[in-house]
Amino acid sequence: MLTHPLLPKRYQVLRASWGVFHCHLFPRSPKIISPACLCQISTLSTTNLIQDYIRDGNINDARKLFDENPASCNTVAWNSMITGHIRHNQMQSALELFDRMPVRDVVSWNTMMSGFNKTNDPHKLHQLFSQMNRAGERPNQFTFSTMLSGFLNSFDVLVPQLHGLILHIGLHSNIFVGSALMRGYTHLRDRYSLCRVFDDILTKDISTWNALLVGYTDLGFLTEAQITFDTMPEVNIISWTTLVNGYIKNKKINQARHMFDKMPQKNVVSWTTMIKGYVQQENYTNAIQLFISMLNSNTHPNHFTFSTLLDACAGCSMFLLGNQLHSCILKSGLCQELVLSTALIDMYTKNGDIKSAFTVFESMKAKNTVSWNSIIGGCAMHGLAKRALSEFKKMTENGVNPDHVTYINVLSACVHGGLVEEGEWHFHSMVERYGIKPEMKHYTCMVDLYGKAGEVDKAVRLVKEMPFEPDAGVWGALLAGCGLHSCYEVANGLENLGKDYSSIYNMLIKINGEKGAWGRVIEMRDGVMERGGKKQKAGSRIEFSLGVS
DNA sequence: CTAGGGTTAG
């Protein structure tokens with residue numbers, strides 16, 4: 001039974017020393033091994049083999065062995081097989097095995113849960129948890145930490161509930177459960193419970209302390225975070241990076257840089273964090289300088305670093321650097337990273353090179369909502385309205401669900417192409433077909449669409465129907481339409497016009513000026529000046545990218 | 001065989 005074509009070399013050795021193996025396991029057994037013993041040995045070795053294969057990433061041989069020896073597979077073998085499928089993102093196969101396994105233990109349930117956690121499917125996770133309880137399986141510390149991390153963005157409310165169960169079972173002192181709970185309470189922005197859970201963990205390790213640091217920085221308690229950092233029994237590179245990132249998240253870029261410079265050592269993550277900080281502040285010069293220092297310190301950039309830098313290139317039109325980064329990405333073998341391709345598409349469209357954007361887009365093997373959004377948005381930005389709509393059609397045909405950003409892009413494509421009917425159709429279908437409620441931006445697009453097309457009445461009606469108070473964008477779009485089609489009366493007759501926005505007054509002034517209503521113009525201009533309004537400065541992207549401005 | 005802490009895209 002131990003002879004098998006799939007047995008790797010080290011097991012051939014085991015087979016050769018069969019006697020030793022036999023004596024070691026069953027020292028008192030007769031020379032001729034009974035069938036029951038053989039079966040036991042076989043199960044042990046099959047399970048070990050499957051585990052070895054999976055550890056080596058060899059899912060196919062593992063599955064072959066598994067399928068060909070059903071009698072030698074115990075629950076551990078089944079669980080290992082499920083783990084293997086999950087590691088290879090084969091959730092369907094994992095689920096299929098889980099459904100037909102003869103005996104499930106707590107590990108089987110936990111493994112499936114971690115799978116759904118990986119695929120970001122909190123509903124399935126939730127479902128599995130109740131099934132598990134119905135089946136009479138008792139959740140353990142693994143179950144709770146998986147559940148807690150899976151529920152962070154969807155079932156936040158369940159965090160205290162799970163906490164109750166955890167206290168009941170007595171698992172609150174487990175470091176894994178504890179740090180998962182701390183993350184949960186950080187999401188709930190509950191500082192008191194965060195500290196409470198931290199105190200309940202009797203033997204804290206460095207991850208526990210780091211979780212507290214994350215909690216404090218996320219909630220904006222920078223002083224507490226700094227004190228924690230200074231009093232921690234030990235700090236590692238993760239603690240340092242957490243603190244730097246904490247200052248960045250709270251817009252204290254200089255303090256972040258101060259800590260960053262004090263770091264005893266830096267890795268890709270810490271460099272990327274600091275670079276991202278500067279990109280967020282639109283301080284692209286420092287971001288690039290830091291990137292160069294990073295390369296000089298012999299730290300290799302990863303896909304996080306590249307996407308951050310591409311974001312910078314998109315932000316300030318550094319076309320050359322963007323191109324160079326694309327070459328680096330191709331060389332580094334990271335070009336199939338979904339996020340990177342999406343960042344590349346965005347960089348190309350914002351630098352005016354829609355053709356390259358399409359090249360990247362078409363080279364992608366897997367596309368998600370964000371990637372489709374970036375190409376549709378790119379088409380819209382380049383005035384390719386029809387193309388944007390046809391890409392949208394392809395997206396839905398490919399089974400990728402649109403979201404609210406998709407519709408902002410689709411509607412703005414309609415605006416650029418003057419496609420009123422199509423725009424109306426999509427505006428309605430977003431709720432009816434996908435249940436996406438239109439937000440302010442969607443209304444802005446529609447107002448813009450009607451305004452540009454000269455249907456100012458429809459635009460006004462839409463503004464009145466809107467479920468929220470219009471912002472500067474909506475008023476701006478409406479007034480732009482009025483200006484374009486000389487609707488002087490409509491513009492001046494608007495009630496509740498956004499009086500707090502000086503840009504709105506500037507547009508009104510322009511409309512009145514064109515009509516020759518100078519009295520009103522002067523009156524409004526004085527009003528704007530009294531409020532301390534300034535004339536908007538014009539800027540050029542070219543000047544910006546040359547560093548002139 | 002299953003679980004925790006720091007960086008990414010529209």
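In what follows, chains are A, B, ... by sequence order, proteins preceding strands, each numbered from 1.
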Q: Report yes if at least one side-chain N or O of A:Gln51 is closer than 4.0 Å to OP1 or OP2 of B:dC1; otherwise report no.
A: yes
Q) Is the distance between the ring centroids of A:His126 and A:Phe155 less than 6.0 Å? A) yes
Q: Name all pairs fulfilling the salt bridge (charged side-chain N to carboxylate O under 4.0 Å, His left out) condition that reach into residues 239-258 of chain A, sequence neighbours left out, sorted by first residue then second.
A: A:Asp218-A:Lys249, A:Arg257-A:Asp261
Q: Looking only at side-chain atoms of A:Val370, point me to the closest of B:dT2, B:dG4, B:dA9.
A: B:dA9
Q.
I need the full list of salt bridge (charged side-chain N to carboxylate O under 4.0 Å, His left out) pairs touching residues 397-412 of chain A, with sequence neighbours left out, sorted by first then second residue.
A. A:Lys393-A:Glu397
(Q) Which residues in residues 208-231 of chain A have a heavy atom closer than 4.0 Å to any atom of DNA chain B? (A) A:Thr208, A:Asn210, A:Val214
Q: Could you identify which residues of residues 326-341 of chain A place a heavy atom less than 4.0 Å from some atom of DNA chain B, listed by residue number, or say none?
A: A:Val339
Q | Atom-pair distance (CD on A:Gln280; C1' on B:dA9), nearest Å | A | 13 Å
Q.
Rounded to whole Å, please give me the gap between CZ in A:Phe304 and P in B:dT8.
A. 7 Å
Q) Which nucleotide in the set B:dA3, B:dT7, B:dG5 lies at the smallest distance from any side-chain heavy atom of A:Ser114? A) B:dA3
Q. Is the charged tip of A:Arg196 near the ring of A:Tyr185: under 6.0 Å from the six-membered ring centre and within 45° of its axis?
A. no
Q) Please give, in whole Å, the distance from B:dT2 C1' to A:Phe144 CZ? A) 14 Å
(Q) By nearest atom, which of the nucleotides B:dA9, B:dT8, B:dT7 is closest to the A:Asn302 side chain? (A) B:dT7
Q: Kindly state whether the ring of A:His163 and the ring of A:Phe144 have centres lying under 6.0 angstrom apart.
A: no
Q: Could you list by number each residue of residues 76-93 of chain A showing a heavy-atom separation from DNA chain B of less than 4.0 Å, or answer none if no residue does?
A: A:Asn79, A:Ser80, A:Thr83, A:Arg87
Q: Would you please classify the geometry between the A:Tyr348 ring and the A:Phe319 ring as parallel, tilted or perpendicular, with 30° and 60° separating the classes?
A: perpendicular
Q: Sort and list the pairs that fulfil salt bridge (charged side-chain N to carboxylate O under 4.0 Å, His left out) and have at least one residue in residues 268-278 of chain A, not counting sequence neighbours.
A: A:Lys276-A:Asp311
(Q) Looking at B:dA9, I'd like to know if its phosphate oxygens (OP1 or OP2) sit under 4.0 Å from a side-chain N or O belonging to A:Lys276. (A) yes
Q.
Taking side-chain contact (heavy atoms from CB on, under 4.5 Å) as the definition, give me every residue that meets it alongside A:Asn133, ordered by chain and number, with sequence neighbours left out.
A. A:Phe129, A:Pro139
Q: Check the distance between B:dC1's P and A:Glu137's CD and give it to me in whole angstrom.
A: 19 Å
Q. In whole angstrom, what separates A:Asn245's CG from B:dG6's C1'?
A. 7 Å
Q | A:His172 NE2 - B:dA3 P separation (whole Å) | A | 23 Å
Q) Do we count A:Phe176 as stacking onto B:dG4 if the rule is ring centres under 5.5 Å and planes under 30°? A) no
Q.
Aromatic contact between A:Tyr278 and A:Phe291, with the criterion being ring centroids under 6.0 Å apart: yes or no?
A. no
Q. Counting side-chain heavy atoms from C-beta on, which of B:dG6, B:dA9, B:dT8 comes nearest to A:Thr308?
A. B:dT8
Q.
Which nucleotide wins on minimum distance to the side chain of A:Asn368, given the candidates B:dT7, B:dC1, B:dA9?
A. B:dA9
Q. How is A:Asp311 classified with respect to the nucleic acid when contacts are heavy atoms under 4.0 Å: base, sugar-phosphate, or nothing?
A. sugar-phosphate
Q. For DNA chain B, what residues of residues 195-206 of chain A have any heavy atom nearer than 4.0 Å?
A. A:Asp205, A:Ile206
Q) What is the minimum heavy-atom distance between A:Ser108 and A:Asn79, and which atoms define it? A) OG-OD1, 2.8 Å
Q) Taking only N and O in the side chain of A:Arg183, is any of them less than 4.0 Å away from OP1 or OP2 of B:dG4? A) no
Q.
Tell me which pairs pass salt bridge (charged side-chain N to carboxylate O under 4.0 Å, His left out) where either residue lies in residues 337-347 of chain A, with sequence neighbours left out.
A. A:Asp346-A:Lys350
Q. Quick one: side chain to side chain donor-acceptor pair (under 3.5 Å) pairs with a partner in residues 138-148 of chain A, sequence neighbours left out?
A. A:Asn110-A:Asn140, A:Asn110-A:Thr143, A:Asn140-A:Thr143
Q: Would you mind reading off the distance between A:Asp346 atom CG and B:dT8 atom P, rounded to a whole angstrom?
A: 16 Å
Q) Salt bridge or not for A:Asp52 and A:Arg55, using N-O below 4.0 Å? A) yes
Q: When you get a sec, tell me which of B:dG6, B:dT8, B:dA3 is the closest nucleotide to the side chain of A:Asn174?
A: B:dA3
(Q) Using whole Å, what does the distance between atom C1' of nucleotide B:dT7 and atom CE of A:Met263 come to? (A) 12 Å
Q. Just checking A:Thr75: base, sugar-phosphate only, or nothing, at a heavy-atom cut-off of under 4.0 Å?
A. nothing
(Q) According to side-chain contact (heavy atoms from CB on, under 4.5 Å), who are the partners of A:Leu95, at least two apart in sequence or on a separate chain? (A) A:Asp99, A:Met112, A:Phe116
(Q) Base, sugar-phosphate or nothing for A:Asn267? Non-hydrogen atoms, less than 4.0 Å. (A) base
Q: Measure centre to centre between the rings of A:Trp78 and A:Phe66, then say whether the value is under 6.0 Å.
A: yes
Q) Looking at the side chain of A:Ser207, which of B:dA9, B:dG4, B:dT7 is the nearest nucleotide? A) B:dG4
Q) When we call it a touch if two heavy atoms are under 4.0 Å apart, what does A:Asn140 touch: a base, just sugar-phosphate, or nothing? A) nothing
For residues 226-240 of chain A, dump all side-chain donor-acceptor pairs below 3.5 Å to protein atoms at least two apart in sequence or in another chain.
| from | atom 1 | to | atom 2 | distance (Å) |
| --- | --- | --- | --- | --- |
| A:Gln226 | OE1 | A:Tyr247 | OH | 2.6 |
| A:Gln226 | NE2 | A:Asp230 | OD1 | 3.4 |
| A:Thr228 | OG1 | A:Glu224 | O | 2.7 |
| A:Thr231 | OG1 | A:Ile227 | O | 2.8 |
| A:Thr231 | OG1 | A:Thr228 | O | 3.3 |
| A:Asn236 | OD1 | A:Asn210 | ND2 | 3.4 |
| A:Asn236 | OD1 | A:Ile238 | N | 3.1 |
| A:Asn236 | OD1 | A:Ser239 | N | 2.9 |
| A:Asn236 | OD1 | A:Ser239 | OG | 2.8 |
| A:Ser239 | OG | A:Asn210 | OD1 | 2.8 |
| A:Ser239 | OG | A:Asn236 | N | 3.0 |
| A:Ser239 | OG | A:Asn236 | O | 3.3 |

**Q.** Side-chain donor/acceptor contact of A:Thr242 with base of B:dG6 under 3.5 Å
**A.** no
